[in-house]
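Reviewing the structure listed below.
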Amino acid sequence: MTFWQFLLADLRAIVTDKAIAITLFGGVLFYSVLYPLPYLNQVPTEQMLVVIDHDGSSLSRRLIRHADASPKITVTGRVSTIETAQSWIESGRANGLLVIPHGFRKDLMLGRGSTLSYGGDANYFLIYSAVVEGLVSVGLDAGKYVQLVGLLAHGENAKAAERSLNAVKLNSVPAFNPSLGYTPYVVPGVLLLVLHQTLLIGTGILGAGQWQNQGYWRRVSPLMLISGRICVFFLIYTLFTSLYVGHCYYWYGVSVQATLWQVALFLLPFLLSTAVTGIAFSCLFTRRDLPTQVLLLISMPILFVSGFVWPLELIPDPLIWISTIIPAVPAIIGMLQLNQMGASWASIMPLWLHLWGLFALFFMLALYGVNKRLKREPNSEL
Amino acid sequence: MTSLIRRELKALWNDPWQFALVTYIPILGIISLWWLFSAGMPRQLPVAIVDHDQSQLSRMLARRIQASPAAKPIGYQDIASAKRAMTQGEVYALVVLPYRLKRDLLTGHSPTIEIRYNSQFLLVGKLLSSQIQLSLADGLLHVASKKQLALGVPKAQAEINLRPVTSQTTALYNSNSNYIGFLVPPVLLALGQLLAMLVFANSLNRELRLNTMSEWFSLGTRRVLFAKMLVYTPLIVLQGRFILAVLYQFLNLPLAGGFGLLLVAQVAMLLAVWLIVLVIFFLLQDCARVISFCTALFAPAFPFMGITFPTLDMPMLAQLWRKLMPSSHYIDTHVGVVSYGQGWDTLADQLINYWGFLFLVPVIVFLAKRVKRAHLAEQSHSPEGAK
């Protein structure tokens, strides 16, 4: 059997196997839509706020109007006690509460100071931070307003008064993901993980179904089987990767910084090492329904150890060490730095070499595993 | 029935992978996911500080940032090297204290302190941004209060003049914003749902793999199914109880309601999962394909739970898909019981929300009958049996 014949046979085996086709073609397309779907609105806005206004003054009403005007908050109602507000939150009619104390305006005008209380449902951190950010800026604004009125009353000139209130400007700007959107945050990492997992599943099912049977894969040497299979999956995944990194990134508004060639060069060892990892991995199985199950169970942990959800600094070291043998982990970290954060090639070079190292390691393991699997005689009855 | 249950238990015992799925894999998964998030709160995250002023004031501000539990300042000499560290993910934020900061402040010009934070790592970035701003604002307030005192304002009054409106922020139901209480329950729930799906799908697939479908049909289609449910529902609920024990008894996270409600809700969720798996099983009738399809369906359950990103802010289509996932129904009950201490009446309302899954029952009956007919036809064609 020549190399080309093997490539064609392998390609045919992949495309005609429905279990593999569901995962590869179905899964890759389905996930490119489904994973980003919940996040399409990017930022949580208009969180429901319930107000407990014990003051009922012009200033408290002004404060409530300002809260309602904030894009993050919408005031859905006013109640008289905190208990009622809490029952609103528990029944899902509100996400947060604002308490304006009795004598709020009077105390401020007399220069006594007053305290506003905010609360947000911290079961949902994004809701909580939206409510609190909205209210803090409203509260600061009210404070500034009172100070300004005070300064003007003391006869200060309006411009000087404003300047003395904003003595130092704090200019805090988000870098790399300027809109603070959720899809640019989640999509780059998750899509790479989808590529990684489906590729492993595809090679896993294909191998697991073949080891105990007779077929074209027994007519070639292990070395040829491995390199041929890598070529076939690499070819298919070049298309998928182009779809994901080329089109989906663009479609979901991910910020893209690297050049095409840098991205291609970086993803080359990623696809190669993942494909060969998949072949090595497939040698562990003879049941076609098992590789998917194992990979399904480890996908969430892989996502979390790749460091963009939960900072790497906080993950226990042993977990980090284990994660270094998974090609997806250096690939996600490297791609985020290269393509989203605009790191130079020199700085991600170690990760690139790491991927090549994994390729070499798993190539050896695959060679050992395939050799062992093919030496054993196929089941006689099949 | 007891003999059928014994048949299932024997099958479970003879399949090492299935046995692993109900015993040590869940324990491993729970421990490793908890371990991953065990830090609980983001602390000591590296922040680059470029101090161009080198004054007493700028050093005081840097110390303020150091005092914040979230940040660990690292000094950089110039912006270029700080920027490089930031693009490599070595630091998560960058603070530039400008040249002549102190002088401008004292002479009444308003200088600007630049803060850049890494929003590609959204969670860390947003947290650092607010913490750094808080620390700096606090430090600057300290300077301003000196000015007030110099003008002869009494100390108590000076503080009020500077900050007439103070605020008291409360994180309801998770008072220290602990990520273990926030993220670990839904993550473990997603894992639990995957395990439940796999265990049940494997138990159905075994009949296909070992060619025992005709045995199944002769034993009574429904009776075998009930036996499977009777074996696996308690086993998976036991896993669920273990997760709850780890979270709310071992780690002592606050729990307002009772375990009973949660376990009832878990049973309802599992029944819904069983129904979905049954539809797919009778539809596809191939081990690897059943697993692949179920995987495709259940793998993305986590983002749809609405914990990380609020449900009401999802587009309509996502909200509809969310309704198809049993885990999203369960998580509502979970939050209700754990945080709000909801009672049985609310639980009853939530259980009614599962009504849509009942439509799967006639579908399953129809598909099962079709499979059975096909099997009987196959057997009558080859009277010697399948082989």
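Order of the sequence lines sets the chain letters (A, B, ...), proteins ahead of strands, with each chain counted from 1. All figures in this text were calculated on a predicted structure; none of them were measured in a lab.
Interface remark: F30(A) contributes side-chain atoms only to the contact with chain B (heavy atom separation under 4.5 Å). Residue contact with chain B, scored on non-hydrogen atoms closer than 4.5 Å, involves the backbone and the side chain of I89(A) alike. Contacts between I205(A) and chain B at a heavy-atom distance below 4.5 Å involve the side chain alone, from C-beta outward. In this structure, the portion of L336(A) lying under 4.5 Å from any heavy atom of chain B is its side chain and not its backbone. No part of L127(B) comes within reach of chain A, as not one of its non-hydrogen atoms sits under 4.5 angstrom from that chain. Neither the backbone nor the side chain of V290(B) comes within contact range of chain A; no heavy atoms are under 4.5 Å apart. If you measure heavy-atom distances from Q342(B) to chain A, you find no contacts under 4.5 Å at all. The contact between N202(B) and chain A is made entirely by side chain atoms (from C-beta outward), counting heavy-atom distances below 4.5 Å. Of the atoms belonging to L140(B), it is side-chain heavy atoms, and not backbone ones, that fall under 4.5 Å from chain A. Heavy-atom distances place no part of I132(B) under 4.5 Å from chain A, backbone and side chain included. Residue V43(A) touches chain B through its backbone alone, counting heavy-atom pairs closer than 4.5 Å. Contacts between A93(B) and chain A at a heavy-atom distance below 4.5 Å are absent for every atom of the residue. At a 4.5 Å heavy-atom cutoff, the contact between K126(B) and chain A is made by side-chain atoms alone. For V173(A), the parts lying near chain B are the backbone and the side chain together; criterion is any non-hydrogen pair under 4.5 Å. Only the backbone of Q42(A) comes within less than 4.5 Å of a heavy atom in chain B; its side chain stays farther off. For L33(B), the part lying under 4.5 angstrom from a heavy atom of chain A is the side chain only. Only the side chain of S129(A) comes within contact range of chain B, judged by heavy atoms closer than 4.5 Å. At a 4.5 Å heavy-atom cutoff, P291(A) makes no contact with chain B through either its backbone or its side chain. The contact between L122(B) and chain A is made by backbone and side chain atoms together, counting heavy-atom distances below 4.5 Å. The contact between P311(A) and chain B is made by backbone and side chain atoms together, counting heavy-atom distances below 4.5 Å. Both the backbone and the side chain of L180(A) come within less than 4.5 Å of a heavy atom in chain B. Using a 4.5 Å cut-off between heavy atoms, T198(A) does not touch chain B at all. Interface remark: I315(A) contributes backbone and side-chain atoms alike to the contact with chain B (heavy atom separation under 4.5 Å).
Comparing R112(A), E313(A), E90(A), M300(A) by heavy-atom pairs within less than 4.5 Å of chain B, the highest count is held by E90(A).
Using bins of under 30°, 30° to 60° and over 60° for the plane-to-plane angle, the ring pair F37(B)/F304(A) lands in the perpendicular bin.
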